[in-house]
Amino acid sequence: MHKKVRCISAVSWTALAVVLLFGGRLSAEGPEAGSDFRPDPESLARWQAMRFGMFIHWGPVSLKGTEIGWSRGREVPVEEYDALYKEFNPRQFDADEWVALAKAAGMKYLVITSKHHDGFCIWDSAYTDYDIMSTPFARDILRELSDACRRGGILFCTYHSICDWHHPDYPLGSPGGRTAKPNPNMPRYVEYLHNQTREIIEKYGPLGVMWFDGEWEKPWTHEYGKALDEHIRRCQPDILINNRVDKGRRGMEGITEGEEFRGDFDTPEQRVGTFDRDRPWETCMTICRQWAWKPNDQLKSLRECLEILLRTVGGDGNLLLNVGPMPDGRIEPRQADRLREIGRWLAQYGDGVYGTRGGPFKPGRWGASTCKGNTIYLFAFAWPAEGTLSLPPIPARVTEATLRSGGDLRWEQTDRGIALTVKTPDPLITVLELKLDGDALAIPPVNVATPGAISVNKPARASNVFQNKTEQFGPDRAVDDDSDTRWATDAGTEQAWLEVDLEGTHEIRRAFIHEAYPGRIQAFRLQAEKDGQWVTFYEGTAVGEGLFVDFSPVVARRFRLEIVKASDGPTIWEFQLFGRAAP
Ligand code: FHN
């Protein structure tokens, strides 16, 4: 059954031609009258207040349990992958059930992959046969899900891949965009992209967000990015568009660099973004490891999920937590149970999440904080063993302090800061509320010192600094007790060291290493300088998202983290030593 391709409207064809011909001069000369291509402030404020959404990566690939898009031509031969839709029949798919689960999890919006890099379209599209209507299932998933979202009061949004390794006109193919198509026609592919995205908005909109991805490949340009951004905003002026519509995103940190680049919010991926109240951002994270469904994939614990959520909102960002539904249409019971657990926690403490701003106490290993009006919400991840959490001084008076998670609380505010003593901290997250004599958002954000870390802000040296950008990536950035800054080394660096001078002999017995780009470090040593020689007192392998190592007491003044083997330029958020001045 071949579909008749609907002709695009005269106006948008002319606009598209102009942009393609004059390469975005349109936007250089400023937007067309009446629409300024900036996000609708109300839409942005509503979305930011929602704070927590469900990301869904789904398609015929779930029949294989391999990664969506990337496994095409890698684990799954292209022909086999592209024929999976003929078997795709998720009869247990129930859009209302998915929406009910998102609500039970405390999620306020939902973003589903309308089309991923593999080019398969999960809606009834007039522009291709490679869509859901060609499967034995033959039900329009975007139709059913967008309707269910409206019934359930969840904001419906769609993910859409710019790169399309399946479409003959898109220049690159599988595996991973590393092959070239025989007869590409990029302008015609861009027309297809414009047609389909308008089709989605017209048929299932209004959308909350059009969440683009796959913009990093060479065929996509800044000009195309601006043209698509303007096209989407013409289709729906109050829509939000992420920063992956254009070319400004800097890797997995997801931050856009450069005013000229389009996109309403940044998109850190598989990591919590850095604290930022000026630029909207949203971390996207898998609840397991893979984006699409994988049998027995490693599921994050409730604590991990809550810490990720609270670090994110404590950094003034949104969290888009991903599930990969099964080929039969159900969301895997394990994942669903975890989501309900998160929802039960939010039912109790969600007032400290929804509609709040991040800070003033910046996220760290201690925990995170949010604020709303004259209230600060504190979420302590690991209550200090000595029983008292010490917060730095703030230019406001605490009028009341409450231990929301139950038990006795003694507190004191002095010019040295706020001391909160709790005998029975919550084994999961200890939640407190501080009432102030003024607007909490007016308090400048401040770091919370890690108790007992004797290496903080001590002189540091390193064997290599990324592009010699010492200010931004120097060794002192790894000992400043701020997990928003990091020491970084040049790409391709496989061995490097970071040295701290404790400015006097100290006895240490514990170290903490927090790796950025977890997984690069494969082997490391901890060393102490003894009589001019570096002596190894601890050997380790992987580091990852925060590693504590304990060892018998070592007495010295200078200590080194020596990275013996790394897959690429190792980079460290924080390196901390714990101990005391030598007796
Ligand atoms: O390649 C995709 C990946 O499959 C997934 O969709 C994530 C979600 O943000 N984005 C890309 C990787 O950056």
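Atoms within a ligand are numbered from 1 in the order they appear, just like the ligands themselves. In what follows, every heavy atom counts, from backbone to side chain, and hydrogens, waters and symmetry copies are set aside. Because the structure is a prediction, the values reported are computed rather than measured.
Salt-bridge check for Asp337 with Arg340: passed, with a basic side-chain N closer than 4.0 Å to an acidic carboxylate O.
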Side chains of residues 101-111: which donor-acceptor pairs under 3.5 Å do they make with residues two or more places apart or in other chains?
unit_1 : atom_1 : unit_2 : atom_2 : d
Lys103 : NZ     : Gly152 : O      : 2.8
Tyr109 : OH     : Glu282 : OE2    : 2.6
Tyr109 : OH     : Asn318 : ND2    : 3.3

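For Pro327, the side chain to side chain contact (heavy atoms under 4.5 Å, CB included) criterion is met by Ser62, Leu63, Trp293, not counting sequence neighbours. Contacts of Asp490 classified as side chain to side chain contact (heavy atoms under 4.5 Å, CB included), with partners at least two apart in sequence or in another chain: Asn464, Phe466, Gln467, Thr493.
In this pair, Trp98 and Phe93 present their aromatic rings perpendicular. The plane angle is above 60°, beyond the 30 to 60° band. By the 30° and 60° cut-offs, the orientation of the rings of Tyr159 relative to Phe55 is tilted.
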Pick out the protein N or O atoms lying less than 3.5 Å from any N or O of ligand 1, and list each pair with its distance.
unit_1   : atom_1 : unit_2 : atom_2 : d
ligand 1 : 1 (O)  : Trp70  : NE1    : 2.7
ligand 1 : 1 (O)  : His117 : NE2    : 2.8
ligand 1 : 4 (O)  : Trp70  : NE1    : 3.4
ligand 1 : 4 (O)  : His116 : NE2    : 3.0
ligand 1 : 6 (O)  : His57  : NE2    : 2.7
ligand 1 : 6 (O)  : His116 : NE2    : 3.0
ligand 1 : 6 (O)  : Tyr159 : OH     : 3.4
ligand 1 : 6 (O)  : Asp213 : OD2    : 3.3
ligand 1 : 9 (O)  : Arg244 : NH1    : 3.4
ligand 1 : 9 (O)  : Glu269 : OE1    : 2.9
ligand 1 : 10 (N) : Asp213 : OD2    : 2.6
ligand 1 : 10 (N) : Glu269 : OE1    : 3.2
ligand 1 : 13 (O) : Glu269 : OE1    : 2.8
ligand 1 : 13 (O) : Glu269 : OE2    : 3.0

